[in-house]
Amino acid sequence: MSEQPVVPDRVADPWGRRTPYPAGGNWPTRVDEHLVAGVSADQVRQWVTSACVLCSNGCGLRIGVADGRVVGVRGQAGDRVNRGRLGPKGLYGWQGQQRDRLTTPLVRAEGGELVACDWDTAMNRVVARSRELLDRWGPLSHAFYTSGQLLLEEYYTLSVIGKAGLGTPHMDGNTRLCTATADAALKESFGTDGQPACYADVDHCDTLVLHGHNAAETQTVLWARVLDRLAGPDRPRLVCVDPRRTEVARHADVHLPVRPGTNLALLNGLLREVLHRGWVDHDWVAAHTLGLDELARVVADYPAGRVADICGVSARDVLAAAEVFGTGQRVLSTVLQGVYQSHQATASACQVNNLHLLRGMLGRPGCGVLQMNGQPTAQNTRECGANGDLPGFRNWANPRHVRELAELWDVAEETIPHTGPPTHAMQIFRYAEQGSVRLLWIAGTNPAVSLPDLDRVRRILGGDTVFVVVSDAYLTETAELADVVLPSALWGEKTGTFTNTDRTVHLAEQAVPPPGQARGDLDTWLDYARRMGFRTRSGRPLPWWSTPAEAFAEWQRCSAGRPCDYTGMSYQALRERHGIQWPCTPDRPQGTERLYVDGVFNTDTDYCEDFGHELLTGAARTEQQHRATAPGGRALLRAAHHTEPPHGPNADYPLRLTTGRTVYHFHTRTKTGRAPQLAEAAPAPWVELSDVDARRLGVVEGDVVRLTTPQGSVELPARVVRAEPGTVFVPFHYGQRASESTLDGGRTHAANELVPTGWDPVSKQPVVKVCGVRVRRVGAGTGPAPAPELGAARRVVVGPPGATAAGGDRPCT
Ligand SMILES: Nc1nc2c(c(=O)[nH]1)N[C@H]1C(S)=C(S)[C@@H](COP(=O)(O)OP(=O)(O)OC[C@H]3O[C@@H](n4cnc5c(=O)[nH]c(N)nc54)[C@H](O)[C@@H]3O)O[C@H]1N2
Ligand SMILES: Nc1nc2c(c(=O)[nH]1)N[C@H]1C(S)=C(S)[C@@H](COP(=O)(O)OP(=O)(O)OC[C@H]3O[C@@H](n4cnc5c(=O)[nH]c(N)nc54)[C@H](O)[C@@H]3O)O[C@H]1N2
Ligand code: SF4
Ligand SMILES: [Mo]
């Protein structure tokens with residue numbers, strides 16, 4: 001055990017030194033620290049409580065402040081999530097906050113350019129337009145598209161403004177692109193959102209199954225925990241389902257490199273084996289679930305041979321994976337974007353829940369499902385209703401839930417939108433395109449890089465049908481298209497809470513003031529509400545709170561009695577305990593490690609968050625239909641047949657394009673692209689081609705290739721990797737702006753130039769993991785592709801720097 005900080009190089013080694021431990025042991029502490037050059041730990045005047053906001057792991061840390069500026073970070077030794085560790089983004093990413101910041105509001109001038117102004121000018125412009133539209137067109141003219149990266153207090157406040165002030169159902173987060181499927185699958189199977197398992201289950205499990213989750217690159221500290229178990233005395237078995245040869249795949253006992261878009265066939269096949277081989281806890285299933293007969297009937301059609309044909313893997317490996325899962329005594333499964341960003345996303349994610357339900361493998365140490373989150377605060381977007389849902393996992397179709405909120409907010413029930421489902425992000429953009437959404441407020445997201453079909457997104461945002469307000473800290477690709485840009489304070493410049501994947505809530509305190517006139521989003525939205533004059537029935541200003549602490553207290557009231565109950569927490573307790581898991585009530589102040597330990601689920605008709613959907617079509621079920629099945633606390637085994645991806649490969653576009661992440665960058669790189677260590681580690685985009693496809697196309701490492709889909713085409717240097725043929729991967733991080741120094745002529749090479757619009761019928765999550773693509777060689781490059789030399793992008797061949805694959809290179813083991 002070491003509590004002495006180590007000063008690591010997390011670019012060369014993203015996971016750091018091993019600290020092996022046995023099953024049931026405590027994950028040892030290892031404190032990682034990074035201070036800017038020239039500053040030593042004893043020069044740090046203040047260490048401020050916080051947690052990392054560069055992924056959903058939510059690693060506890062402290063922010064080092066000297067001379068009024070942030071000079072470094074140190075992992076929090078006592079934190080249950082990371083025990084002191086930080087990955088590359090956590091250690092270095094914050095430095096990007098110190099460059100190129102917006103310091104004044106901007107408004108679009110007569111001549112079309114954005115010009116600096118003061119807050120009054122900018123807010124007056126927003127409020128004048130907002131009033132005019134409300135008077136003439138009503139609340140449906142307004143939409144909000146926000147984030148999974150703001151703070152709980154901000155989401156809750158926005159949610160109240162949107163639902164009780166304006167009364168618009170058009171509110172969503174970029175969580176729609178991120179974890180809408182986690183949310184949907186948890187509701188379908190268990191009745192409400194809420195993560196059943198927790199990270200401590202890594203300590204106890206004997207088997208791990210990662211579905212479409214490149215944890216090694218996307219939750220590096222979670223992966224370090226797994227590596228420490230793999231290196232310890234009771235090594236758990238590991239199954240990896242991922243088309244690419246990721247770091248996870250390299251460590252796996254069984255790697256299933258499924259074709260993108262075929263998860264459901266595989267999962268149905270695994271379920272069939274589990275049933276067939278009798279790896280089922282029949283008593284538990286009878287007592288705690290509904291729907292076994294239907295599930296058994298559907299999955300009977302997926303023998304291993306058929307699954308192998310659909311997924312492009314060997315039947316032997318399918319059976320081997322089923323056996324590992326079926327014979328494990330403590331199995332932990334994780335699910336992420338390889339499943340969520342696909343056309344049958346919710347149906348597939350539900351099958352992972354089903355695998356665990358069949359084996360009664362939930363709610364015990366080492367047993368459970370992590371329907372992962374991606375963004376640091378995505379859980380709060382969902383629980384506060386900034387994704388359009390009603391706060392506290394309330395059900396919009398349940399009149400009693402609507403009444404509770406109307407009483408809490410002191411507004412008329414009719415004000416709160418509840419006559420239909422909330423409007424999902426892609427539909428909001430469609431309404432903006434058609435002209436019925438006339439004011440679109442975008443905060444904490446960069447859709448001009450992250451949404452599918454960018455050409456269309458730019459046309460919508462840049463057109464004159466919709467007045468676009470952007471709250472961001474940088475002049476992003478999206479902000480450039482706005483009518484008004486509001487400069488935002490970032491992490492460390494404001495105070496509030498957020499909740500990670502395993503329900504751990506952290507307090508993130510203000511360490512330094514924001515630059516120039518930048519402001520926290522809470523202040524911006526409260527300012528808007530005040531200027532609009534929103535009131536409760538009794539005439540109080542709505543919202544009536546002003547500070548983060550007051551907003552938190554209001555949220556606690558709203559969460560009372562719901563699954564995400566925060567009533568037993570306080571800022572002080574969070575400061576002292578570095579992370580508390582909800583539900584946390586006055587009689588359970590320590591929080592709750594696992595949900596559903598008693599096998600009772602949140603499916604009671606009066607309590608559940610949703611009455612469920614037909615998984616294949618997305619058709620919603622009514623309260624009456626739900627009540628008729630009388631789930632009464634039992635989990636629901638939901639089934640569906642596999643279908644081919646609608647935009648999948650065809651004769652013109654024969655390969656499968658999939659998109660995703662590299663370890664060094666966060667999304668559209670507004671922070672990581674400005675942090676020197678990370679920017680240098682992955683300076684520009686590339687495309688990964690399998691060695692087999694590369695040979696067929698006459699492509700060697702570093703050659704420039706053109707990728708074409710019906711949406712568009714981009715040219716990128718090729719990284720040749722060892723992988724099953726047929727799949728092509730492009731990182732989605734690289735838009736136009738954050739790559740100033742590295743891209744030719746400012747052209748965008750964003751993956752989303754290529755990706756068509758489409759979404760899962762239940763969660764409405766856009767499909768960005770599979771579409772058909774054509775690849776052609778354009779010419780020789782200038783050396784190896786600018787891709788990392790580790791993780792899934794690792795080269796098949798290595799040579800001296802600057803060398804191409806031809807001549808003298810040796811195979812990489
Ligand atoms: N370094 C880094 N870390 C991050 C982020 C980041 O931008 N950078 N973002 C955070 C966020 S918001 C998110 S949502 C998470 C995402 O974390 P992940 O989901 O782990 O990341 P992705 O790279 O999007 O996709 C994971 C894997 O899905 C695989 N895949 C593609 N198609 C399929 C398929 O059909 N089936 C299966 N089984 N797998 C498939 C891809 O090959 C890829 O390796 O990462 C979080 N952490
Ligand atoms: N092709 C393809 N597309 C994808 C994905 C993929 O795998 N492939 N993944 C999808 C997923 S999972 C995600 S999560 C999205 C991410 O997509 P985006 O959300 O568009 O990506 P970010 O770069 O994180 O954008 C967040 C923005 O918020 C700003 N910001 C940060 N903190 C604050 C704050 O406190 N206040 C305000 N106002 N602004 C702030 C940042 O500067 C940045 O501009 O991309 C999605 N798009
Ligand atoms: S694993 Fe995620 S939360 Fe932890 S340091 Fe890395 S980016 Fe931050
Ligand atoms: Mo995400």
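Because only heavy atoms are used, hydrogens play no part in the values below, and waters and symmetry mates are left out as well, while side chains stay in. We count residues from 1, following the sequence as given. When a ligand or atom number is given, it counts from 1 through the structure's own listing order.
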Would you say ligand 2 has an N or O under 3.5 Å from any N or O of [X]?
X: K769; answer: yes
X: W491; answer: no
X: G444; answer: yes
X: H667; answer: yes
X: T668; answer: yes
X: Y474; answer: no
X: Q149; answer: yes
X: E154; answer: no

Nearest-contact summary for [atom] - protein heavy atom, Å:
atom: atom 47 (N) of ligand 1; answer: T218 O, 2.7 Å
atom: atom 37 (C) of ligand 2; answer: D521 OD2, 3.5 Å
atom: atom 44 (O) of ligand 2; answer: D472 OD2, 2.6 Å

Check: Could a heavy atom of D242 be found less than 4.0 Å from some atom of ligand 1?
Finding: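 Judged by the 4.0 Å heavy-atom criterion, D242 does count as contacting ligand 1.
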Next item on the list: Could you establish whether T220 and ligand 1 come within less than 4.0 Å of each other, counting only heavy atoms on the residue side?
Entry: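 No.
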Item checked: Sub-4.0 Å atoms of ligand 1 with respect to non-hydrogen atoms of H733 ->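 This gives 7 (O) as the contact atoms.
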Next item on the list: Tell me, please, if C59 has any N/O/S atom, main chain or side chain, under 2.8 Å from atom 4 (Fe) of ligand 3?
Entry: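 C59 does place an N, O or S atom closer than 2.8 Å to atom 4 (Fe) of ligand 3.
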Give the contacting part of [X] toward ligand 2: side chain, backbone, both or neither, where contact means a heavy-atom distance below 4.0 Å.
X: S450; result: both
X: T179; result: neither
X: N174; result: side chain
X: P766; result: neither
X: L177; result: both

Item checked: From G87, A224, C55, P14 - option closest to atom 2 (Fe) of ligand 3 by heavy atom ->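 Nearest heavy atom to atom 2 (Fe) of ligand 3 lies in C55.
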Checklist line | For F666, the ligand 2 atoms whose distance to one of its heavy atoms is below 4.0 Å | finding: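 In order of numbering, the contacting atoms are 24 (O).
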Notebook entry, point to check: Quick check: does C52 put an N/O/S atom under 2.8 Å from atom 2 (Fe) of ligand 3?
Noted result: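 No, C52 does not qualify, because none of its backbone or side-chain N, O or S atoms lies under 2.8 Å.
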Check: How long is the gap from CD on E217 to CH2 on W15, to the nearest 0.5 Å?
Finding: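 So the gap between those two atoms works out to 6.5 Å.
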